[in-house]
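Below is one structure, written out as structure tokens; comments come after it.
None of these values were measured; they are calculated from a predicted model. We count ligands from 1, going down the list as the structure has it; atoms in each ligand are counted the same way.
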Amino acid sequence: MNLSGHVYNHSDGVTLEAQGETSALESLEKRILAEAPPLAHIISMRHDEIECGAGNSFAIVESEKHEGGLTLISPDVAPCEDCLREMSDPSDRRFSYPFINCTNCGPRFSIIKSLPYDRPATTMKEFEMCESCAKEYADPNDRRFHAQPTACPKCGPRVIFRSSGNTESDEICGTEAIEKTVDFISSGMIVAIKGLGGYHLACDAANDDAGIKLRERKKRDEKPFAIMAADIESAKTICEISQEEERLILSPQRPIVLLRKKPCNKISEYVAPQNKNLGVMLPSTPLHHLLFQKCESQVTAVTGSPMKSLGNDNAEVIPAALSGNPVATVNQSRILVMTSGNLTDEPIAYKDDDAAERLAEIADAFLVHDREIHIRIDDSIARELAGSTVLMRRSRGYAPAPVRLSLEMSAALACGADLKNSICVTSGKNAFLSQHIGDLANFEANKGFVETSMHLIKTLGITPSILAIDAHPQYHSSLEGKKLFPNARVVEVQHHHAHIASCMAENQLPNMDVIGIAIDGTGYGRDGTIWGGEIIIASYEKFERAASLAPVSMPGGDAAAKEPWRMALAYLAKAEIKEIPTKLLAAAAPHQIEFVEKMIRSDISCPKSSSLGRLFDAVAALIGIRFVNSFEGQAAMELEQIADISEEKSYTFSLEDDAGLKRIDFSPMIREICLDIRNEVPAPTISMKFHRTTASALAGMAGLARQRSNAVCLSGGSFQNEILLSLVKKMLVDEGFAVYTHSLVPPNDGGIALGQAAIASHVNS
Ligand code: ZN
Ligand code: ZN
Ligand code: FE
């Protein structure tokens, strides 16, 4: 553009000094905004006039590190179109190379050991660039200029196939390794595949036997497996995909997207038993793309007929012409189960030695590579809900990109909740929410908490002076956090206050009073009971409880959260119903039911809870759809999925005054549900009437608090329920409220740390 000057990176952003014609300078500014590279995210841009210098060239100069400044870390990115094109071009030197990448794509966060982000500070340090790669790396006009993980078959990482029990001498490398993997998968075996942030377990998604075997070996009863489809066309053969969902599943973050199964899809029932949805993702690494290419060419070899594509259209036609060939293979070669490489409840394996040991009993073979994963990062899970994207697990592709806030924050470490744990580190107007860590009751996840916290703090160069923790006296996250930073000022934050502050923060709300509706399974309440159906008036500084569900017994404590039939008995007792609905009698042996009833009557081992999650459990058990949860939230999910959304009636509830606190009593509803059960009203109708009742109760409570604020924040895991979220949102908008929901961080406990950090920052000042 006939400009001279220079440009450089520093801890606070990018500075560009340019001199030349005014028109050229103006056009430069416009073009930076319009033509920024795909991964650039311009938060703000400003210009100043400065003295002219000498010089008639333009240079990219060495990065500068400001003391106390902040460098952002890029999340990992799926392969870009340019790289994919090169990878399938036989004349390209990276043809079929599984580690192809450029400045627009490839591994980042998962390989970075420290900042500034330079090759020696990544796990690519081991690989010395060949001459050709080095030339591209040093050429400002090349797509791989300063692409730190750049590599080629000559100098970069390689893939290795190993079947279980075999020694190093039996290893197979390169293209053959990928072919071997495909052979194993198509013959019904399970292969552990090393991905970007950890290991996956892969098998044929159409093969029932493989699905059953994987469930047995993983010790996973019913929790759905995620699947990977070769491309969007293949995904469309098995699921309904809206425009928004298509955009989401194709985004460079490549999350698992929850989609509605098509009625007669050919995916094995063992992938997502009794579930109307499937978690589907598209390839997130070049290796995944190569696997699908090999699947396809293998099928071509079997059929002997060249195929342009194995998408929907061809799949319908070809099998008919190929009598004797397995139809399933042809149809399903482009869809694989791709579930996390772990035993149930453990964190995903990412270190090679650990994976070899932990997955040995599950996988028949391993497809690994020699580029080390520095930090574990699971797949993200997202869903389109009530007109916007909701992240249910914020991990690969998203973390650790900062959530931008409207307020300055102190340097804090927020330790999150114990379930679906993630942590948050703040600095200035940035909140760095970590990747998903998991359930801290698990020993491995507990180690993951320490590793993730220290890694994020170290790479960002932030020293937390404040430690924000949940108010629960026995949370692992709080204990571990205090061990890490014994001198930090500790701020205890109530669970549901944190949920609401998290929603306020991501919506960039100032410190103001909002009405918060926080609904979930469990959170430690101020009065020592378990909360989970809370309507609060909250700012970042403080909160008060305006309304909540009337407390009910949880017979057996934690056991009641796992066994919804216990909650059904508790709600029956509260509603003073003597006769147990027949369907519920099938939940347990008569003596067990009697025992739990006795517990409730004598109030032994019955902590009190105002949780909405437990009410969902109770209703699911009452109508006989789920007595025991095999994973968290299962009963509630199934209750939502059966609902007949055309049903317009609802049940009744009553309100009690408990020293100024409104208590929603659902006993009238429980009595009406029992009546409906006796009258053989179908479960889908009851479910929808129940959803409508809870939605009106929650929205109604906001209405009662109207004089306190016109803004309502919706948060908590129960807002992952689409029907409930849509109904509550609509009722509130119709009432003229400004309604805020989550889209950048999860509404569930995975988003808690952000709220804790926002609160801690305010309580301190
Ligand atoms: Zn690329
Ligand atoms: Zn090379
Ligand atoms: Fe929660």
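- When distances from the Fe ion (ligand 3) to the N, O or S atoms of D749 are compared, OD1 comes out shortest.
- A donor-acceptor contact closer than 3.5 angstrom links the side chains of R663 and S548.
- A perpendicular orientation is assigned to the rings of F543 and W531, their planes being inclined by more than 60° (bins at 30° and 60°).
- Applying the 6.0 Å contact sphere to CD of E544 captures more than 12 heavy atoms from other residues, nucleotides or ligands.
- In summary, no N, O or S atom of H496 is located under 2.8 Å from the Fe ion (ligand 3).
- No side-chain donor-acceptor contact under 3.5 Å links Y398 and Q435.
- Here C152 contributes SG and C155 contributes SG, and at the Zn ion (ligand 2) these two atoms make an angle of 110°, given to 10°.
- Rounded to the nearest 10 degrees, the angle SG (C133) to the Zn ion (ligand 2) to SG (C130) equals 110°.
- When distances from the Fe ion (ligand 3) to the N, O or S atoms of D520 are compared, OD2 comes out shortest.
- For the pair SG of C102 and SG of C83, the angle whose vertex sits at the Zn ion (ligand 1) is 110° to 10 degrees.
- In this model, no donor atom of one side chain and acceptor atom of the other lie less than 3.5 Å apart for H472 and Q474.
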Ring pair (Phe, Tyr, Trp, His ring centres under 6.0 Å) between F449 and H476, worked out | CA-CA 9 Å; F449 173 89; H476 296 282; 9.8 Å; no
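- Draw a line from the Zn ion (ligand 1) to SG of C80 and another to SG of C105, and the angle between them is 120° (to 10°).
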